[in-house]
Amino acid sequence: MAAASGDPRFDTGRLCLDLVATAAGPPRGPGDRAERLDGPERLGVWLVRSGLVPPGTALAADQDWLDRFRELRELLRRLVRAQLDGAPADPAGTPGPGSAPNSSLGRDLDRLNALAAPAPSVIRAVPGRDGTLVRALAGGPGCAALLSDVARDAIRLLTDPVARGRLRECEGDSCSRVYLDTSRGRRRRWCSSEICGNRERVARHRRRSTARRSRPSAAARSSSSPAATAANVTASGQS
């Protein structure tokens, strides 16, 4: 089922790409958001829905948390774009031959590695209220640990040649979401068949309908043909 307009979506195939997708592009319609992390509360929703934080966990997300996650998001956006554009990096981590002049790729990698350095979140299995086992975070959620979780996922993605080769950008109109194409034959075109794919099918249907309406009917073509015109002239002369 497609997410409601403005709700966070988790259909890119990777946690780090889901974070990048929270600023995927311009609004698609009434109620849609270009910025899906538009406040600490929305960030809290994203952290829970992404699976980083178990439901019911007390969160101290504030503007500082929001700013730090937005910084990581922009960092990831640049690094993923560099991969899509084929920008190489030399073994020292600095931009290699063929990359854009004054590229910041090396600095971005250093920053990503720094964000991944803190210990990630520690999860535990604890009894829930009904006696079943549920996830919980040891010591409560910390911003640095949660940022590390996302940064480490990005490092695993960017250093995996198979995963890198599956990076795709949605072909939908005005959509810039990046996702992992795990489809058979690697033919997936849209971030979501239910959203961008459906929009494309509707637009194609409308174009075809408009083209059919703009074409003259068979009767109109017949009446305007040279033979029909000559017959009309002859008939007029005989009347």
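Start at 1 with the first residue, then count along the sequence. If you're wondering where the values come from, they're calculated on a predicted model, not measured in any experiment.
Under the 3.5 Å distance criterion, the side-chain polar atoms of Arg135 are matched with a main-chain donor or acceptor of Gly51. Although no hydrogens or angles enter the test, the distance criterion places a donor-acceptor pair under 3.5 Å between the side chain of Arg70 and the main chain of Leu37. A donor-acceptor contact shorter than 3.5 Å links the side chain of Arg164 to the backbone of Leu158. When atom types are taken as modelled, the side chain of Asp149 and the backbone of Ser121 share a donor-acceptor pair closer than 3.5 angstrom. Without hydrogens or angle criteria, Thr12 side chain to Asp18 main chain gives a donor-acceptor distance under 3.5 Å. Looking at Ser148, its side chain does come within 3.5 Å of a backbone N or O of Ala116 through a donor-acceptor pair. In this structure a side-chain-to-backbone donor-acceptor pair under 3.5 Å is present from Thr159 to Ile155.
Residues Leu180 and Gly13 share a closest heavy-atom pair of CD1-O, 4.3 Å. Closest approach of Arg49 to Pro8, counting heavy atoms only: NH2-O, 3.5 Å. Contact record, Ala154 with Leu112: CB-CD1, 4.2 Å, taken as the closest heavy-atom pair. Here the closest non-hydrogen pair linking Pro141 and Ala58 is CG-O, 3.5 Å. When every heavy atom of Glu169 is checked against every heavy atom of Tyr179, the shortest pair comes out as C-CE2, 4.0 Å. Nearest heavy-atom pair, Ala61 versus Pro40, reported as atom, atom and distance to 0.1 Å: O-CB, 3.7 Å.
Distance CZ/Arg124 to CG/Leu133: 12.0 Å, rounded to 0.5 Å. Leu79 contributes atom CG, which lies 11.5 Å from atom CG of Leu84 (distance to the nearest 0.5 angstrom). Rounding to the nearest 0.5 Å places CG of Leu147 at 8.5 Å from CH2 of Trp65.
Residues Leu105 and Leu157 fall into different hydrophobic clusters, defined by Ile, Leu, Val, Met, Phe, Trp and Tyr side chains chained together at heavy-atom separations under 4.5 Å. Using a 4.5 Å cut-off between side-chain heavy atoms of Ile, Leu, Val, Met, Phe, Trp and Tyr, with links allowed through other members, Leu59 and Val150 fall into the same hydrophobic cluster. Both Leu66 and Leu19 belong to a single network of hydrophobic side chains, linked directly or stepwise wherever heavy atoms of I, L, V, M, F, W or Y lie under 4.5 Å apart. No path of Ile, Leu, Val, Met, Phe, Trp and Tyr side chains, each step under 4.5 Å between heavy atoms, connects Leu72 with Val178, placing them in separate hydrophobic clusters. Following chains of ILVMFWY side-chain contacts shorter than 4.5 Å, one cannot reach Val45 starting from Phe69, and the two form parts of different hydrophobic clusters.
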TODO: Applying salt bridge (charged side-chain N to carboxylate O under 4.0 Å, His left out), run through Asp160 and Arg156 and close with a yes or a no.
DONE: CA-CA 6 Å; Asp160 181 344; Arg156 286 189 289 269; over 6 Å; no

Task: From CA spacing to verdict: side chain to side chain contact (heavy atoms under 4.5 Å, CB included), Val122, Leu137 - done: CA-CA 6 Å; Val122 178; Leu137 296 182; over 6 Å; no

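With salt bridges taken as basic N to acidic carboxylate O contacts below 4.0 Å, one links Glu74 and Arg77.
The shortest distance between side-chain heavy atoms of Thr57 and Leu47 does not fall below 4.5 Å.
With hydrogens and angles left out, the side-chain atoms of Thr22 and Arg73 include a donor and acceptor closer than 3.5 Å.
Leu17 pairs in a side chain to side chain contact (heavy atoms under 4.5 Å, CB included) with only one of the listed residues (Asp11, Asp153, Leu167), which is Leu167.
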